[in-house]
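Here's the structure, in structure tokens; my notes come after.
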2 protein chains.
Amino acid sequence: MARRTPRDEHAAAILRELIVITRRGVADARTAPLSLSMTDQSILGYIVDHPECRSVDIAEAFRLNRSTVSRQLAGLTRLGVVREITDASGRGRPLELTETGWAAYREAIDLLQTVVDRHLGDWRDDEVARFATDLTRFNDAASDGDRPRHPETNAPADD
Amino acid sequence: MARRTPRDEHAAAILRELIVITRRGVADARTAPLSLSMTDQSILGYIVDHPECRSVDIAEAFRLNRSTVSRQLAGLTRLGVVREITDASGRGRPLELTETGWAAYREAIDLLQTVVDRHLGDWRDDEVARFATDLTRFNDAASDGDRPRHPETNAPADD
DNA sequence: GGCGTAGCGTTGCATATGACAACAGAAGGA
DNA sequence: TCCTTCTGTTGTCATATGCAACGCTACGCC
């Protein structure tokens, strides 16, 4: 094994912290007193970011089975937060949020924002800006082809 | 609503990016060609970080029900990655990884590390170091009392 | 315009994850 | 010793997810 450089140590620290963030996010989503599950929130967020998207788009984005998204959407429709756009044309059925859906989405985001803000409590403005820039850069680097791939799996079945 | 300052915009960007990281982490954990689920990896990681911890410690750390951890541990024990420390004394049964468990843990970490490294591909060393520092600072600020709390929930049932 | 294919959504079944409640066993304290 | 409390397990249920199979519909080709 190659000697670990300082950069390696820092990269390892980054992974460690990202794991913490993910785990905490999952635990929060599971136990937060919200009516929407994490998957539900993801779906709402995707519809917000991609107006008139279809079920299959959501499935691809989160790499979920079509059936899973179908069922989740059925639940969300029953809840009255999502609906199909009526005058649809072409393949599939474009989706949109209802007013209730927007309210639920904002509620969830606001809740999370307060958590983030609390973490940033004693940060200077320029530090916050820098952190935002770094995070965005980090995520944008994930264009594609960066799915975790098992070394011994040379013929991936997905994507 | 108060006017949005630049700091607010950056904080919102941070939340957005953290959500992306969490979602991606969940999707990766679900579809990665690994034998361990995300929960399993969490448990292994906790045991690594907290040698001789017990089942109930894991449950508290990830805010999972004792029964959930018990069943997950039963599966991991069956897989041969976790075992109870034999000469236990006192309350509960301390846990440790087997050799197989260590190998599985390292495999998972290595896989994730390659993903992180790829994202950091064109970063300078000092940028990587800074990002690591910022992430650590962000997470450490989450000491406690920062669980997402529903505004209308004034009598939380947990903690 | 009619037909075949492919895309899209749904449903049946199986599995994994997780919660809650009830229970069992063991450790500690009075 | 006995009682309480902690710890872990099991029964039962709800949700999330995948796979396979099905049905519908838009599109393309003739």
Side-chain angles (χ1 to χ4, degrees), chain A residues 22-23 25-44 47 50 52-79 82-95 156-159, chain B residues 22-23 25-44 46-47 50 52-79 82-95 157-159:
Chain A
T22 301
R23 298 232 207 292
V26 171
D28 287 352
R30 193 175 53 238
T31 59
L34 284 175
S35 42
L36 299 174
S37 71
M38 181 156 76
T39 306
D40 290 339
Q41 291 180 43
S42 299
I43 290 176
L44 257 55
I47 297 175
H50 303 83
E52 309 200 14
C53 67
R54 302 157 308 154
S55 175
V56 67
D57 301 322
I58 298 171
E60 283 172 12
F62 298 115
R63 297 200 288 158
L64 289 166
N65 195 279
R66 288 202 312 266
S67 63
T68 300
V69 177
S70 171
R71 270 182 270 257
Q72 295 296 103
L73 281 174
L76 293 171
T77 304
R78 216 178 315 114
L79 277 177
V82 169
R83 70 168 156 246
E84 297 175 357
I85 294 177
T86 51
D87 57 341
S89 68
R91 282 276 158 81
R93 302 171 219 166
L95 301 164
D158 55 341
D159 60 332
Chain B
T22 301
R23 298 233 206 292
V26 171
D28 286 352
R30 194 176 48 237
T31 60
L34 285 174
S35 42
L36 297 174
S37 70
M38 179 156 75
T39 305
D40 290 339
Q41 291 180 43
S42 299
I43 290 175
L44 256 58
Y46 189 86
I47 297 175
H50 303 82
E52 308 200 17
C53 67
R54 303 157 308 153
S55 175
V56 67
D57 301 322
I58 298 170
E60 282 172 11
F62 298 116
R63 295 198 289 155
L64 289 167
N65 194 281
R66 286 201 314 265
S67 64
T68 301
V69 177
S70 172
R71 268 184 268 258
Q72 295 294 105
L73 281 174
L76 292 171
T77 303
R78 216 178 315 117
L79 276 177
V82 169
R83 71 168 156 245
E84 298 175 356
I85 295 177
T86 49
D87 57 341
S89 69
R91 282 277 156 84
R93 302 172 221 167
L95 300 164
D158 56 338
D159 61 332

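Here is how names work: the chains are called A, B, and so on, in the same order as the sequence lines, proteins then strands, and each is numbered from 1. These numbers were taken from a predicted model, which means no experiment stands behind them. Heavy-atom basis, side chains included; hydrogens, waters and symmetry copies ignored.
Atoms CZ (A/R78) and C1' (C/dT10) sit 13 Å apart, rounded to a whole Å. Atoms CZ (B/R63) and C1' (C/dC20) sit 17 Å apart, rounded to a whole Å. In this structure, CG of A/N65 is placed 13 Å from C1' of C/dG12, rounded to the nearest angstrom. If you take CG of B/L76 and C1' of C/dA16, they are 13 Å apart, rounded to a whole angstrom.
The residue among A/R71 and A/R30 whose nearest nucleotide of DNA chain C lies closer to the 5′ end is A/R71. Residues A/Q72 and B/L73 each lie close to DNA chain D; by heavy-atom proximity, the contact nearer the 5' end of the strand is made by B/L73.
For the side-chain hydrogen bond (donor to acceptor under 3.5 Å, both in side chains) test, no residue two or more places apart in sequence or in another chain qualifies with A/S70. Residues passing the side chain to side chain contact (heavy atoms under 4.5 Å, CB included) test with A/A27 are A/R30, B/R63, sequence neighbours excluded. The side-chain hydrogen bond (donor to acceptor under 3.5 Å, both in side chains) search around B/R83 returns B/E96, not counting sequence neighbours. Under the rule for a side-chain hydrogen bond (donor to acceptor under 3.5 Å, both in side chains), the partners of B/S37 that lie at least two apart in sequence or sit in another chain are B/D40. In this structure B/E52 satisfies the side-chain hydrogen bond (donor to acceptor under 3.5 Å, both in side chains) test with no other residue, sequence neighbours excluded.
The two residues B/L64 and B/T39 have their closest heavy-atom pair at CD1-CG2, 4.2 Å. Between A/L73 and A/L95, the shortest heavy-atom distance links the atoms CD1-CD1, 3.7 Å.
Looking at heavy-atom distances under 4.0 Å, B/T39 makes contact with sugar-phosphate atoms alone, never a base.
Proximity of B/S37 to the phosphate of C/dT17: a side-chain N or O atom is located under 4.0 Å from OP1 or OP2.
Of all nucleotides in DNA chain D having an atom under 4.0 Å from a heavy atom of chain A, the first and last in 5' to 3' order are D/dA16 to D/dC27.
Counting heavy atoms from C-beta outward, B/L34 and B/Q41 have side chains that approach closer than 4.5 Å.
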Side chains of residues 54-62 of chain A: which donor-acceptor partners sit under 3.5 Å, not counting sequence neighbours?
unit_1 : atom_1 : unit_2 : atom_2 : d
A/R54  : NE     : A/D57  : OD2    : 3.2
A/R54  : NH2    : A/D57  : OD1    : 3.0
A/D57  : OD2    : A/R54  : N      : 2.8

Are there any protein N/O atoms within less than 3.5 Å of an N/O atom in nucleotides 3-9 of chain C, and if so, which ones and at what distance?
unit_1 : atom_1 : unit_2 : atom_2 : d
C/dG7  : O4'    : A/R91  : NH1    : 3.0
C/dC8  : OP1    : A/R54  : NH1    : 2.3
C/dC8  : OP1    : A/R54  : NH2    : 3.2
C/dG9  : OP1    : A/S55  : N      : 3.4
C/dG9  : OP1    : A/R93  : N      : 3.3
C/dG9  : OP2    : A/V56  : N      : 2.7
C/dG9  : O3'    : A/R93  : NH1    : 3.4
C/dG9  : N7     : A/R66  : NE     : 3.0
C/dG9  : N7     : A/R66  : NH2    : 3.4
C/dG9  : O6     : A/R66  : NH2    : 3.0

